[in-house]
**Student:** 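Below you'll find the structure I mean.
Along the sequence shown, residues are numbered consecutively beginning with 1. Hydrogens, waters and symmetry mates play no part in the numbers below; they use all other heavy atoms, side chains included. Every value quoted in this text rests on a predicted model; they were computed, and no experiment measured them.
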Amino acid sequence: TLTLLGTMCLWSGLMKIASNLSLIDKFCKMLNPIINFLFPDLKKNEKIKKEISMNMTANILGLGNAATPLGLKAMSSMQKDKKDTLSDSMLMFILINTASIQIIPTTVLAIRKSLGSENSTGILVPVWGATILAAVAGIIIAKLLIKRK
């Protein structure tokens, strides 16, 4: 638990520092074309796009616990008048979060390290492959189904 907590504190602190140095804003601008493609009906809503990109940034860095409140905030902002209906953007956001492309899966690495794994980083390439394939397959299927609607 202490190892996991220490890792989460480290990455949460680094995210805070990155935010203060406006690195998050730069990363959000880099993600902007992807977000515009995935969420075409949100092109004019900069607030929601920033919330989505912050969530995606946290997920890419493997900060699942830090990404959760950001994701809830973005989902809440996307929710319109109908509280019981999901929009296309909300469904795409759920898909992106479920696939959760991660460069550094910090939680899994911390757990493997705390359990004495000799090669805790040996899972990186399979994690990259699995999450990228899941995201691409999900996005293709979602885009096809959204167009049929």
**Student:** Answer yes or no: is there a side-chain heavy-atom contact under 4.5 Å between Arg112 and Pro105?
**Tutor:**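 The answer is no, as the side chains (C-beta and beyond) never meet within the 4.5 Å cut-off.
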
**Student:** Of all residues at least two apart in sequence or in a different chain, which pass the side-chain contact (heavy atoms from CB on, under 4.5 Å) check with Lys29?
**Tutor:**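 Lys29: no side-chain contact (heavy atoms from CB on, under 4.5 Å) contacts found.
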
**Student:** Evaluate the side chain to side chain contact (heavy atoms under 4.5 Å, CB included) criterion for residues Met78 and Leu42: first the C-alpha distance (whole Å), next the side-chain angles of each, then the deciding distance (0.1 Å), finally the verdict.
**Tutor:** CA-CA 9 Å; Met78 282 188 275; Leu42 299 177; 3.9 Å; yes

**Student:** At their closest point, which heavy atom of Met56 faces which heavy atom of Ile35, and how far apart are they?
**Tutor:** SD-CG1, 4.1 Å

**Student:** Decide if atom NZ of Lys73 counts as having more than 12 heavy atoms of other residues, nucleotides or ligands within a radius under 6.0 Å.
**Tutor:** no

**Student:** Do Asn55 and Leu72 touch side chain to side chain, with heavy atoms closer than 4.5 Å?
**Tutor:**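 Counting from C-beta outward, Asn55 and Leu72 never come under 4.5 Å.
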
**Student:** Extract all donor-acceptor atom pairs below 3.5 Å that involve side chains of residues 126-136 and protein atoms in other chains or at least two apart in sequence.
**Tutor:**
from: Trp128; atom 1: NE1; to: Gln102; atom 2: O; distance (Å): 3.3
from: Trp128; atom 1: NE1; to: Ile103; atom 2: O; distance (Å): 2.8
from: Thr131; atom 1: OG1; to: Val127; atom 2: O; distance (Å): 2.9
from: Thr131; atom 1: OG1; to: Trp128; atom 2: O; distance (Å): 3.3

**Student:** With sequence neighbours left out, write down each residue that passes side-chain hydrogen bond (donor to acceptor under 3.5 Å, both in side chains) with Asp41, or none if nothing qualifies.
**Tutor:**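 Per chain and number, Asp41 pairs via side-chain hydrogen bond (donor to acceptor under 3.5 Å, both in side chains) with Ser89.
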
**Student:** What heavy-atom pair brings Phe93 and Phe39 nearest, and what distance separates the two atoms?
**Tutor:** N-CE2, 3.6 Å

**Student:** For Thr57 and Leu70, what are the C-alpha separation, side-chain angles and deciding distance, and is it a side chain to side chain contact (heavy atoms under 4.5 Å, CB included)?
**Tutor:** CA-CA 10 Å; Thr57 301; Leu70 297 169; over 6 Å; no

**Student:** Out of curiosity, Phe37 CZ to Asn32 CG, how far, rounded to the nearest 0.5 Å?
**Tutor:** 14.5 Å

**Student:** Checking Thr121 now: which residues fulfil side-chain hydrogen bond (donor to acceptor under 3.5 Å, both in side chains) with it, not counting sequence neighbours?
**Tutor:**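 Expected list: Asn119.
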
**Student:** Enter the distance from Leu31:CG to Asn36:CG here, rounded to the nearest 0.5 Å.
**Tutor:** 11.0 Å

**Student:** What distance separates Ser117 OG from Ile111 CD1, expressed to the nearest 0.5 Å?
**Tutor:** 12.0 Å

**Student:** How far does CG of Leu109 sit from OG of Ser120, to the nearest 0.5 angstrom?
**Tutor:**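 If I round to the nearest 0.5 Å, the distance is 5.5 Å.
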
**Student:** Tell me the salt bridge (charged side-chain N to carboxylate O under 4.0 Å, His left out) pairs involving residues 47-63, sequence neighbours left out?
**Tutor:** Asp25-Lys50, Glu46-Lys49, Lys47-Glu51

**Student:** Checking Leu95 now: which residues fulfil side-chain contact (heavy atoms from CB on, under 4.5 Å) with it, not counting sequence neighbours?
**Tutor:** Met92, Ile139, Ala142

**Student:** Heavy-atom distance under 4.5 Å between the side chains of Leu38 and Ile52, does that happen here?
**Tutor:**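 Result no, sub-4.5 Å side-chain heavy-atom pair not found.
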
